[in-house]
Amino acid sequence: MKKQFAKIVVLTALLLFAFTITANFSYAADNKDNAQKKLFEQKCSQCHSLDEPRSQRNTKDGWTELVTRMRGNGCDLTNSEAAAIIDYLSKEFGK
Ligand code: HEC
């Protein structure tokens with residue numbers, strides 16, 4: 001009887017642990033998506049409306065080319081900011 005109780009305790013603990021881990025993972029993924037979206041909204045609305053990019057659908061290569069061109073237009077981005085925005089655009093406005 002005692003052994004069975006111990007088993008249940010261990011199983012419950014494992015389940016709780018698994019839930020916490022999965023919840024944390026999706027929380028982290030949501031946070032990353034949000035950070036990318038914010039960066040896009042902040043950086044890409046400085047010279048024209050966000051409708052310009054939002055009305056398009058492009059492949060990742062297409063978005064890479066466009067963001068590179070925007071940097072040439074004067075859009076101030078570090079390489080990692082550009083990569084984050086390209087990642088976001090490819091996911092949300094992919095072809
Ligand atoms: C420094 C100003 C500036 C910033 C910041 C900027 N753009 Fe632009 N954007 C322009 C100019 C100028 C044009 C028109 C000339 C051109 O197409 O290159 C343009 C045009 C566009 C177009 C329409 C042109 C086409 O070929 O479809 C899209 C889409 C676009 N921008 C997306 C973006 C995105 C995404 C960002 C953020 C990474 C961004 N822009 C940031 C200046 C800017």
Side-chain angles (χ1 to χ4, degrees):
M1 205 50 189
K2 254 192 183 163
K3 250 191 185 166
Q4 190 135 25
F5 180 71
K7 252 189 206 164
I8 290 172
V9 169
V10 169
L11 272 178
T12 314
L14 275 178
L15 265 179
L16 277 177
F17 184 65
F19 274 130
T20 319
I21 299 243
T22 356
N24 265 336
F25 271 137
S26 58
Y27 181 69
D30 280 354
N31 261 355
K32 185 178 153 222
D33 285 354
N34 252 332
Q36 290 184 338
K37 184 170 187 234
K38 281 220 177 92
L39 192 66
F40 160 70
E41 288 171 350
Q42 182 207 336
K43 295 287 184 179
C44 303
S45 63
Q46 289 171 8
C47 304
H48 46 66
S49 109
L50 291 172
D51 290 343
E52 290 286 357
R54 279 177 176 155
S55 61
Q56 295 203 16
R57 297 294 176 270
N58 282 312
T59 58
K60 184 157 193 174
D61 281 353
W63 283 124
T64 306
E65 230 166 74
L66 187 115
V67 170
T68 305
R69 203 170 88 225
M70 290 308 133
R71 292 173 90 177
N73 284 341
C75 181
D76 184 23
L77 296 174
T78 64
N79 285 342
S80 72
E81 285 171 341
I85 291 176
I86 291 166
D87 193 44
Y88 169 78
L89 288 169
S90 314
K91 272 188 296 191
E92 293 292 318
F93 308 101
K95 217 188 323 212

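Hydrogens, waters and symmetry mates are skipped; everything else that's a heavy atom, side chains included, is used. Every number for a ligand or one of its atoms is a count from 1 in the order of the listing.
In this structure, atom 10 (C) of ligand 1 has a protein heavy-atom contact shorter than 4.0 Å.
Distances between N or O atoms of Lys43 and those of ligand 1 include no value under 3.5 Å. Ligand 1 has a nitrogen or oxygen under 3.5 angstrom from a nitrogen or oxygen of Gln56. Looking at Glu52 next to ligand 1, no N or O pair under 3.5 Å apart turns up. Distances between N or O atoms of Trp63 and those of ligand 1 include no value under 3.5 Å.
Atom NZ of Lys91 has more than 12 neighbouring heavy atoms from other residues, nucleotides or ligands inside a 6.0 Å radius.
What sits closest to atom 17 (O) of ligand 1 on the protein, heavy atoms only, is Arg69 NH2, 2.6 Å. For atom 21 (C) of ligand 1, the closest non-hydrogen atom on the protein side is Met70 CE, 3.1 Å. From the protein, the heavy atom lying nearest to atom 38 (C) of ligand 1 is Cys44 SG, 2.7 Å. For atom 32 (C) of ligand 1, the nearest protein heavy atom (residue, atom name, distance) is Leu66 CD2, 3.3 Å. In this structure, atom 6 (C) of ligand 1 lies nearest to the protein heavy atom His48 NE2, 3.5 Å.
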(message) Set out, in order, the CA-CA distance, both residues' side-chain angles and the distance that settles side-chain contact (heavy atoms from CB on, under 4.5 Å) for Gln56 and Phe93, then state yes or no.
(response) CA-CA 7 Å; Gln56 295 203 16; Phe93 308 101; over 6 Å; no
(message) Between Glu65 and Arg69, does the side-chain contact (heavy atoms from CB on, under 4.5 Å) criterion hold? Intermediate values first, please.
(response) CA-CA 6 Å; Glu65 230 166 74; Arg69 203 170 88 225; over 6 Å; no
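Contact atoms of ligand 1 toward Cys47: 1 (C), 2 (C), 3 (C), 4 (C), 5 (C), 42 (C), 43 (C) (distance under 4.0 Å to a heavy atom of the residue). Per-residue contacts place Gly74 under 4.0 angstrom from the following atoms of ligand 1 (heavy atoms of the residue considered): 1 (C).
Side-chain N or O atoms of Lys60 include none that pairs as donor or acceptor with a backbone N or O of Asp87 at under 3.5 Å.
The aromatic rings of Tyr88 and Phe40 sit tilted, their planes meeting at an angle between 30° and 60°.
Gln42 places none of its side-chain heavy atoms less than 4.5 Å from the side chain of Glu81. For the pair Ile85/Cys44, a side-chain contact is recorded, criterion being any heavy-atom separation below 4.5 Å from C-beta on.
Remark: Lys32 NZ to Asp30 CG distance equals 11.5 Å, nearest 0.5 Å. Between atom CZ of residue Arg57 and atom CD of residue Glu92 there is a gap of 9.5 Å, rounded to the nearest 0.5 Å.
In summary, Asn73 places no N/O/S atom under 2.8 Å from atom 8 (Fe) of ligand 1, failing the contact criterion.
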